[in-house]
Amino acid sequence: MRYLTVALTKGRLAKKTMELFERAGIFCEEMKDPDSRKLIFVNEEHGLRFFLAKGPDVPTYVEYGAADIGIVGKDTILEEGRRMYEVLDLGFGKCRMCVCGPESAQEYLQHQELIRVATKYPNIARDYFYNRKHQTVEIIKLNGSIELAPIVGLSEVIVDIVETGSTLRENGLTVLEEVCPLSARMVVNQVSMKMEQERIGQIINDLKTALKEA
Ligand code: PRP
């Protein structure tokens with residue numbers, strides 16, 4: 001039996017994912033060693049292989065079939081636009097993609113002005129402003145600490161993830177519009193879904209049961 005390979009998003013999401021797999025009876029003790037620099041882990045009993053990757057790379061591994069299954073945030077799925085099946089909402093990592101800025105930026109949105117939008121998610125931002133709001137904007141791609149942009153005058157608004165809202169509050173910014181809700185999702189390679197229907201179906205069912213019991 002060949003190993004089914006699961007790509008996990010490094011960090012908090014991977015920890016939560018392994019907790020869920022444990023509740024479904026799938027363990028991987030090796031992964032818990034905090035001093036380990038190992039990237040790939042095997043569970044012989046279930047014929048599974050787990051590896052840790054950067055979030056935006058998870059859909060890439062899954063589309064190419066280097067991973068049969070991936071666990072990744074909906075934000076990354078939308079941004080990367082890869083061909084794969086999204087099969088399950090894991091319910092954790094809940095947050096929202098929002099347009100944020102100072103209160104004073106509200107009028108730029110109302111009047112459809114040509115504003116600058118800073119974001120780590122240029123595809124999501126473009127889709128939202130162009131296809132849903134029909135507003136022409138200039139998208140500026142950043143790689144982190146997006147909240148800085150409107151404070152220092154790089155952009156009028158940002159499109160970013162809001163979880164507790166404390167980053168916004170502490171920087172005098174607010175949610176102006178909601179783009180979409182987010183959470184962790186399970187994704188599957190399109191060929192694997194056909195070739196390994198039974199095993200992958202079993203994993204989906206076991207995870208669904210574990211989610212219900214929680
Ligand atoms: C994310 C996001 C916000 C913050 C939202 O950043 O970009 O900055 O978390 O969380 P809150 O609403 O609970 O304050 P992250 O910490 O992932 O780092 P980044 O700035 O490098 O994107």
Side-chain angles (χ1 to χ4, degrees), residues 1-97 120-121 124 161-164 179-214:
M1 186 167 73
R2 81 171 185 97
Y3 284 109
L4 278 183
T5 304
V6 184
L8 304 178
T9 299
K10 228 188 227 174
R12 230 175 355 153
L13 221 51
K15 246 187 107 194
K16 288 249 179 199
T17 304
M18 289 322 291
E19 284 168 18
L20 176 64
F21 272 89
E22 285 184 5
R23 294 210 305 275
I26 300 167
F27 294 85
C28 196
E29 293 303 320
E30 236 190 329
M31 205 187 283
K32 291 184 179 165
D33 178 0
D35 298 325
S36 173
R37 305 288 294 166
K38 238 177 126 164
L39 293 171
I40 191 150
F41 308 90
V42 170
N43 175 310
E44 298 289 354
E45 187 194 343
H46 291 89
L48 290 175
R49 207 160 62 141
F50 294 93
F51 71 80
L52 298 166
K54 287 270 188 194
D57 295 339
V58 169
T60 311
Y61 285 106
V62 173
E63 184 183 63
Y64 283 92
D68 302 284
I69 293 168
I71 308 292
V72 65
K74 179 69 177 176
D75 52 325
T76 308
I77 296 174
L78 291 171
E79 182 60 26
E80 297 301 313
R82 294 284 182 179
R83 268 171 306 196
M84 55 192 187
Y85 297 127
E86 184 186 317
V87 297
L88 191 60
D89 185 341
L90 302 181
F92 52 76
K94 270 204 168 94
C95 49
R96 301 180 293 156
M97 185 66 73
K120 203 153 92 174
Y121 302 91
I124 294 176
I161 291 173
V162 179
E163 193 181 349
T164 61
V179 177
C180 61
L182 305 168
S183 58
R185 309 291 162 97
M186 174 173 168
V187 293
V188 176
N189 170 269
Q190 294 187 338
V191 175
S192 305
M193 197 65 186
K194 290 195 186 72
M195 304 300 287
E196 298 285 354
Q197 206 174 17
E198 206 168 311
R199 289 168 77 195
I200 293 176
Q202 185 66 53
I203 294 173
I204 295 172
N205 281 337
D206 290 350
L207 293 177
K208 273 187 186 163
T209 307
L211 283 171
K212 275 192 211 128
E213 282 165 1

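Sequence positions, counted from 1, serve as the residue numbers for this chain.
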Hey, what do you get for [atom1] ([X]) to [atom2] ([Y]), rounding to the nearest 0.5 Å?
X	Y	atom1	atom2	answer
T5	I69	OG1	CD1	9.0 Å
K74	S183	NZ	OG	8.5 Å
D206	R23	CG	CZ	12.5 Å
Q202	Q197	CD	CD	12.5 Å
T17	R12	OG1	CZ	11.5 Å
L88	L20	CG	CG	8.0 Å

(request) Tell me, please, which residues at least two apart from F21 pass ring-ring contact (aromatic ring centres under 6.0 Å, His included). (result) F50

Does a side-chain heavy-atom distance below 4.5 Å link [X] with [Y]?
X	Y	result
V188	V62	no
Y3	V42	yes
Y121	M97	yes

(message) I need the single residue from R185, M193, K208 that forms a side chain to side chain contact (heavy atoms under 4.5 Å, CB included) with V87. Which is it?
(response) M193

(request) Identify the heavy atoms of M84 and Q190 that sit nearest to each other, and give their distance. (result) N-NE2, 3.6 Å

(request) Kindly give the heavy-atom pair with the smallest separation between R96 and L182, and that separation in Å. (result) C-CD1, 3.9 Å

(request) Would you check if there is a donor-acceptor pair between the side chains of S36 and D33 at a distance under 3.5 Å? (result) no

(request) Please determine if E22 and K32 form a salt bridge, counting it only when a charged side-chain N lies under 4.0 Å from a carboxylate O. (result) yes

(message) Between R199 and E196, does any side-chain N to carboxylate O distance fall below 4.0 Å?
(response) yes

(request) Dump the intermediate steps for salt bridge (Lys or Arg N to Asp or Glu O under 4.0 Å) on D68 and R2, then the final yes or no. (result) CA-CA 11 Å; D68 302 284; R2 81 171 185 97; 2.6 Å; yes

(request) Sequence neighbours left out, what pairs pass ring-ring contact (aromatic ring centres under 6.0 Å, His included) with at least one residue falling in residues 192-214? (result) none

